[in-house]
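These figures come from a predicted structure and were not determined experimentally. One-based numbering along the sequence shown. First listed ligand is number 1; within each ligand, the first listed atom is number 1.
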Amino acid sequence: FSNGTSPASLQAPLYGIFDDRPDGCPPCPRCFDCHYEEFKCLQYGNCSSTNGKCACPPGFGGEDCAEPLCGALADGKNRSPREGDKCDCKDGWEGVNCNVCTENRACDALMPLGTGGVCYKQGVVVHENFQMCNVTNKAILDQIDPRTAEVTFSCNDDSRTCNFQFWVNEKESFYCALDTCQWSVQDTDLKNVTKYECENIKCSCVPGRFLCGEDGSVDIGEFLEESIAGPASLIQQHTYAGSSRDGSRFEEPAMNDLISQIFGDEYIALACRSGECLYESEVPGYTRPIKEINSPLIASIIAGCALLVIAIVLISWYFARRAAYKKWGAIRLGEGMEDDAARLMVDHKPMALQFEDVSYNLKGKQILTGISGIAQPGQIMAIMGASGAGKSTFLDILARKNKRGHVMGSMFINGEKALDNEYRNVVGYVDQEDTLMPTLTVHETILTSALLRLPADMGLLVKQQRAIEVMQQLGIYHIKDQMIGSEEGKGRGISGGEKRRVGIACELVTSPSILFLDEPTSGLDAYNAFNVVECLVTLAKTYNRTVIFTIHQPRSNIVALFDQLILLAKGRTVYSGPFSTCQAYFDSIATHVRQASTSQTIS
Ligand SMILES: Nc1ncnc2c1ncn2[C@@H]1O[C@H](COP(=O)(O)OP(=O)(O)OP(=O)(O)O)[C@@H](O)[C@H]1O
């Protein structure tokens, strides 16, 4: 729609073909499209500018978000709409629309590795929580008897918004959207109070429902739209000595007036159950368990180790003497160091990187929106997209390079959140620019990096061995004594592909578990570009590293080496998943586009 054509105006000619219908035929109803006046997204769901469909909040579905969804919140987009009068929730879930977890194991399905979920029920929001409340005002319950009245309430930490739905006999009567919200918990010796306070609220009726025009009931539709404005709050109070105000209460000045006039009560009183699925480490107040120190056991382990070390030293000394006598030669200095270096290479912890809903906003400009995916150890993940699509920005965010804007979303290492410092210790980042000193040799360059970046208590011989090891790994050992060189300097130096591999080697000396590379093939000819990527594949597969890089217009022989692909356009995901299934996905889109353009041509 870049030429200013709206979806609605594109669709208008489609209806034109029905104008020639024979007399007497009723006009065809319009397909649902929320751009038209007659259609509306309930629950204040957003109307998609591209396809005219409603984006419903969790637990609601159908074309206009009117239908409660059943099953479990963990089923995501595959939730079944309600068929009868009530939802059958899956084990571990409850609520009119099955959004509230009741057991930890129900949350496992929402965790990236399928385990470690906690159903956090304390009522305060961490990311997005859901509450199921029974209305407890006696006057209201007497008036609607034998029906029941319930409220669902959920809040989102990212957007600082909440939403509220009022249900009678599990049929939604009206709903509200609250914004500019904040929440707090106050826990003293006397009481525990959780408050959700929002500056603004707007409410709407579901037409034809109880309180909203159903036969025999009042219609508060106009009152809701005109009088309810805020501020609104949901306050949950538990007094340890007991108080008449214990429980939850929803308050809004105009709503309180209405409740007081009709039922004589001060506010809507509620009894709520709350649930939010979190990782154990995300639960507020979580502290990592400290292992108990068992002094006698430690003393015996130390004694055992000391005896073992003495035995090893004596045995080694005996065999070394025998070998020295046998060979009539000296024992080589640094023997065994090669093993140490190889161990460093192999002994790293394989790490899966999962990222969910990553977005980035810089000074009001939305650069990235909702990017998710997972890269497993031993895999190559390529981030592709046109120039300006956001590849480098996204790679920087994954590598946790300092960014000036606001980063949103979650990142997990082997299913757990990691602090920035811990994270930076296990990742390496290779920049697009070559920042190598032209006057050093390949060996000197990599050794300098090893000396500067490996731990101070690691022996010099191990560091030297490590530099040699990575040169062999990356196939640059044969040029170890050549100068890096530069275009301007005398003599050409090593090739662009070799320079790129030297840059990678400088990062690899620390044996990172996850390696990020920004455009590792840029400026290289086809042969060198393939060699660099092939060498990254060997690194990932042989040493179980996770390799993630951005790449621009790779040739087909390079593309065939990818395990995971993220394709971006204007900061949004076009495709994220295994490379093996992307072709089928693009074919399915192509068919869809062909069908759309054919129907447009007909009209
Ligand atoms: N510091 C910044 N200030 C303003 N805009 C920025 C900044 N950083 C990135 N952008 C914008 O974000 C978008 C994505 O930039 P990015 O460099 O990530 O794209 P890219 O896909 O890596 O492009 P290329 O392939 O050309 O390197 C661009 O529109 C860019 O102008």
(request) Quick one: look at Thr550 and ligand 1, take heavy-atom pairs under 4.0 Å, and tell me if it's side chain, backbone, both or neither. (result) neither
(message) For atom 5 (N) of ligand 1, which of the options Lys570, Lys365, Gln553, Glu519 provides the nearest non-hydrogen atom?
(response) Lys365
(message) I need the contact type for Arg404 against ligand 1. Using non-hydrogen atoms and a strict under-4.0 Å cut-off, is it side chain, backbone, both or neither?
(response) side chain
(request) If the plane angle is over 60° it's perpendicular, under 30° parallel, otherwise tilted; pick one for Tyr575 and Phe586. (result) tilted
(request) Out of Gly388, Ser522, Ser387, indicate the one that has the non-hydrogen atom closest to atom 28 (C) of ligand 1. (result) Gly388
(message) Show the atoms of ligand 1 that are less than 4.0 angstrom away from any heavy atom in Ala386.
(response) 21 (O)
(request) List the steps, then state whether side chain to side chain donor-acceptor pair (under 3.5 Å) holds for Thr521 with Arg500. (result) CA-CA 8 Å; Thr521 60; Arg500 210 49 62 80; over 6 Å; no
(request) Starting from atom 27 (O) of ligand 1, find the nearest protein heavy-atom neighbour and note its residue, name and distance. (result) Ser392 OG, 3.8 Å
(request) Would you mind checking which non-hydrogen protein atom is closest to atom 19 (O) of ligand 1, with the distance to 0.1 Å? (result) Gly390 N, 3.2 Å
(message) Checking Gln165 against Thr152: is there a side-chain donor and acceptor pair closer than 3.5 Å?
(response) yes
(request) Considering heavy atoms of the protein only, find what lies nearest to atom 12 (O) of ligand 1 and give residue, atom and distance to 0.1 Å. (result) Ile367 CG2, 3.4 Å
(message) Tell me yes or no: SG of Cys277 and SG of Cys107, less than 2.5 Å apart?
(response) yes
(message) I'd like to know if Cys155 pairs up with Cys181 as a disulfide, counting it only when the SG to SG distance is below 2.5 Å.
(response) no
(message) Please list the nearest protein heavy atom to atom 3 (N) of ligand 1 with its residue and the distance rounded to 0.1 Å.
(response) Leu362 CD2, 3.3 Å
(message) Using a 4.0 Å cut-off to any heavy atom of Lys391, which atoms of ligand 1 qualify?
(response) 18 (O), 19 (O), 20 (P), 21 (O), 22 (O), 23 (O), 24 (P), 25 (O)
(request) Just let me know how Thr393 lines up against ligand 1, side chain, backbone, both or neither, with a heavy-atom cut-off below 4.0 Å. (result) both
(request) Answer yes or no for Cys41 and Cys65: SG-SG distance under 2.5 Å. (result) no
(message) Just verifying a value: how many Å separate Asn129 CG and Ser154 OG, rounded to the nearest 0.5 Å?
(response) 7.5 Å
(message) Counting the benzene-type ring for Trp, do Phe394 and Phe355 have ring centres under 6.0 Å apart?
(response) yes
(request) Compute the minimum heavy-atom distance from Gly405 to ligand 1 and say whether it is under 4.0 Å. (result) no
(request) Look only at interatomic distance and state if Ala389 has a nitrogen or oxygen under 3.5 Å from any nitrogen or oxygen of ligand 1. (result) yes
(message) Quick check on Gly385 - does any of its heavy atoms sit under 4.0 Å from an atom of ligand 1?
(response) no
(message) Quiz question: by atom type and distance under 3.5 Å, do the side chains of Asp357 and Ser372 form a donor-acceptor pair?
(response) no
